[in-house]
Amino acid sequence: MNRKITYFWEETPSVHSWARLQGLFTLLYTFWITHIQIMNDNVSIELISLYLIASVAPKTIQKFAEKQKGTV
């Protein structure tokens, strides 16, 4: 049995999802910004929340649009 590995940024094997990759980078950036803010004792919950929403919103909107269009 030949099993193909599907990575996080792929919808199915060899079908890339740039929205997922962008979300991953945004999430990592959010963790880095949060770490910097904690080290400087200047934590902005609003900024962290905005970045967390920005990391998941593109893929969520894309899936919603595909479902409405009927392509999922």
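Worth knowing before you read on, the calculation uses all heavy atoms, side chains too, and leaves out hydrogens, waters and symmetry mates. Keep in mind that this is a model prediction, so the values were computed, not measured.
Taken from CD in Q62 to NZ in K67, the straight-line distance is 14.5 Å, to the nearest 0.5 Å. To the nearest 0.5 Å, atoms NE2 (H35) and CD1 (I33) are separated by 11.0 Å.
Checking each of F25, Y29, W32 against Y51 for a ring-ring contact (aromatic ring centres under 6.0 Å, His included) leaves exactly one that passes, namely Y29.
Heavy-atom minimum distance, T26 versus A54: CG2-C, 4.2 Å. Here the closest non-hydrogen pair linking T34 and T30 is OG1-O, 2.7 Å.
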Listed pairs under 3.5 Å, donor-acceptor, residues 39-50 side chains, sequence neighbours left out:
residue, atom, partner, partner atom, Å
N40, ND2, I36, O, 3.3
S44, OG, L47, N, 3.3
S49, OG, I45, O, 2.8

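For F31, there are no ring pair (Phe, Tyr, Trp, His ring centres under 6.0 Å) partners two or more places apart in sequence or in a different chain.
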